[in-house]
Amino acid sequence: MIITIQTNVPPYTNEDLDTAIHLAEVFLARGHKVNIFLFADSVLSANKFVKPMRIDRNIPMKLQELISKGVEVHICGLCAEYRGLTEEMKIEGSKFSGVPEMAALIYESDRYINLMP
Amino acid sequence: MIITIQTNVPPYTNEDLDTAIHLAEVFLARGHKVNIFLFADSVLSANKFVKPMRIDRNIPMKLQELISKGVEVHICGLCAEYRGLTEEMKIEGSKFSGVPEMAALIYESDRYINLMP
Amino acid sequence: MKKVLFAVYTSPAGSIWINETFRCIFGMYGQDIEPVALLLNEAVLAVHKNCKPEQCGVLPLSITFKYIEKYQTKVYAVKEDLEKYNIKEDEIDPRWNLQLILKSDLAEFVHSFDNVIFF
Amino acid sequence: MKKVLFAVYTSPAGSIWINETFRCIFGMYGQDIEPVALLLNEAVLAVHKNCKPEQCGVLPLSITFKYIEKYQTKVYAVKEDLEKYNIKEDEIDPRWNLQLILKSDLAEFVHSFDNVIFF
Amino acid sequence: MALIIVKKSPDHKISHLLLEIAMPQDKVVFIQDGVLFAVDKNVKDLVKEGVELYALKEDFVARGFDEKESLVNLVTYEEFAEIIENEPKIIS
Amino acid sequence: MALIIVKKSPDHKISHLLLEIAMPQDKVVFIQDGVLFAVDKNVKDLVKEGVELYALKEDFVARGFDEKESLVNLVTYEEFAEIIENEPKIIS
């Protein structure tokens with residue numbers, strides 16, 4: 001199956017990215033194609049300059065690991081511009097997309113899971 | 001009087017920065033010393049790479065104008081690290097502070113206005 | 001053809017979600033998708049002809065009108081929620097192209113879509 | 001000396017605000033400030049000895065304990081809110097140094113501070 | 001005496017708590033989505049007698065309301081600033 | 001039939017709306033702060049008869065609850081994934 005998870009709120013402040021990453025790992029292990037669409041303030045999760053405390057998880061790095069396992073990480077481009085996230089800041093392998101790509105994902109995906117803001 | 005306004009949520013997604021900026025302008029005009037403390041996701045407001053749509057307000061630029069009029073804009077440093085906001089990204093004149101500076105502002109200010117998350 | 005409902009429940013002006021709801025909807029038309037908007041709870045305030053978030057300095061809602069007309073987007077609001085805020089039919093801006101839905105019909109309405117995304 | 005209350009009402013694990021409340025408090029001691037913590041609504045879940053946000057992958061709360069002890073920080077929780085979640089006195093982690101406050105005393109308690117910051 | 005600032009709408013439990021802890025002679029100012037309290041028929045029953053209620057006019061009218069609809073005093077930003085100047089203790 | 005995911009706690013009005021619109025044979029999964037519904041004595045009265053209720057175990061125990069306290073079925077992430085695989089229509 002193709003499964004897409006959309007997040008909308010900032011990482012760390014909320015649990016959503018943790019939920020999304022955990023679900024993505026489980027779906028990968030179950031043999032599915034997984035996409036993550038980062039919308040609104042959740043685009044921060046793809047900022048490679050994020051520097052958490054040592055005892056904390058590194059969410060952008062976890063997303064990058066997922067990318068290396070075949071997960072597509074989409075960043076809403078206009079949302080990124082509004083949060084000052086530029087091309088140079090984003091984690092490798094993630095892509096700036098827009099609502100047309102969101103539409104394509106909604107259309108193609110067998111399951112579309114939105115984590116409401 | 002010394003008046004400090006603390007914000008805690010991301011700009012644009014919420015109205016808080018608009019409220020804080022408007023209040024700061026009014027207090028300035030009334031002859032007060034004004035500080036803004038950007039905490040948690042509100043640190044994004046000091047990112048100079050923020051690029052809103054043309055019809056929209058530019059919040060980092062508005063903060064910079066306030067700085068030029070004598071407002072101190074403090075950015076919680078650890079919060080900034082968690083959001084990938086580095087020294088090079090912050091608007092001119094804003095400063096990375098921490099909770100010790102928050103404590104000093106709370107102590108010195110005649111009025112401390114927190115806009116709850 | 002997929003039918004997708006974007007449902008928004010947060011107030012205009014206080015947060016960006018009504019704007020984002022419509023931005024998402026207008027992006028759907030490139031695909032074989034029929035997107036529909038549903039305003040509920042505090043979000044229904046948006047349809048009042050005097051609701052102008054730009055009056056407190058945030059992004060206006062009126063930028064959506066030309067696309068609602070262009071795409072003939074279906075926009076629904078919950079009747080009881082409009083009544084709660086005392087918004088009468090003649091106070092609704094006609095450019096919303098608004099249709100009312102009863103709370104009692106909401107469950108079935110929501111279930112008639114292939115995907116439901118809440119903002 | 002300023003007395004400052006940091007009051008937090010959101011759930012542990014779901015959001016970061018309980019952690020941020022205590023981080024703020026521990027930063028206050030460099031000034032002539034007496035910071036106090038108040039847990040209310042869902043935030044009271046934090047005091048249960050089995051509450052471990054790290055179990056769902058987010059930041060632990062236990063990192064606060066050594067500073068609560070070091071500074072002898074006063075931490076209050078609303079009794080009725082603890083009862084709502086059926087948290088008994090012997091289930092409260094002693095390292096919170098917790099004192100209970102009745103809802104009926106809340107108004108006066110909150111007003112006894114120079115500054116009150118809600119998270 | 002204190003100034004309590006309520007920025008979240010009546011749909012948020014924390015806003016109701018802020019109203020419950022208001023004491024006589026306190027001032028409550030509704031801003032942002034908190035202004036929805038200004039059209040709540042029961043708003044005056046949500047606080048103890050003697051609590052003064054205000055709503056920020058700019059945020060109120062931006063949400064489509066007519067000034068006449070407000071059940072509490074509407075204040076401009078200038079007046080809100082004045083209230084803040086007069087109340088050292090702020091709960092928010 | 002649909003899968004409804006509730007991530008916000010009972011203090012949020014929108015969570016109650018999601019429960020109200022659940023129809024018989026729907027599955028509701030409580031995650032994140034939504035798991036607080038699993039200890040709400042009235043949780044089964046909040047939905048129509050025939051709605052199946054679940055809570056994500058990991059999020060439930062992280063908030064200090066004992067598995068025995070849950071009034072709904074607890075599911076692991078694996079089981080949650082399975083529920084998603086079986087329900088094409090997701091309301092969330």
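Letters A, B, ... mirror the listed sequences (proteins, then strands); counts begin at 1. Fair warning: this is a prediction, and the values are worked out from it, not measured in the lab. What's counted below: heavy atoms across the whole structure, side chains too, no hydrogens, waters or symmetry copies.
Although no hydrogens or angles enter the test, the distance criterion places a donor-acceptor pair under 3.5 Å between the side chain of K48(E) and the main chain of A22(E).
Only the backbone of D114(D) comes within contact range of chain E, judged by heavy atoms closer than 4.5 Å. With a 4.5 Å cut-off on non-hydrogen atoms, F118(D) touches chain E through its backbone and its side chain both. With a 4.5 angstrom heavy-atom cutoff, F109(D) does not touch chain E via any of its atoms. Residue contact with chain D, scored on non-hydrogen atoms closer than 4.5 Å, involves the backbone of I90(E) exclusively. There is no contact between L5(D) and chain E, counting heavy-atom distances below 4.5 Å.
Ion pairing between E80(D) and K84(D) fails under the 4.0 Å rule for side-chain N and carboxylate O.
The closest side-chain donor-acceptor pair between N86(D) and K88(D) falls under 3.5 angstrom. In this structure, a donor-acceptor pair under 3.5 Å is present between the side chains of E52(E) and Y54(E).
E82(E) places none of its side-chain heavy atoms less than 4.5 Å from the side chain of V75(E).
The residue among N41(D), I117(D), L40(D), N115(D) with the most heavy atom pairs within less than 4.5 Å of chain E is N41(D).
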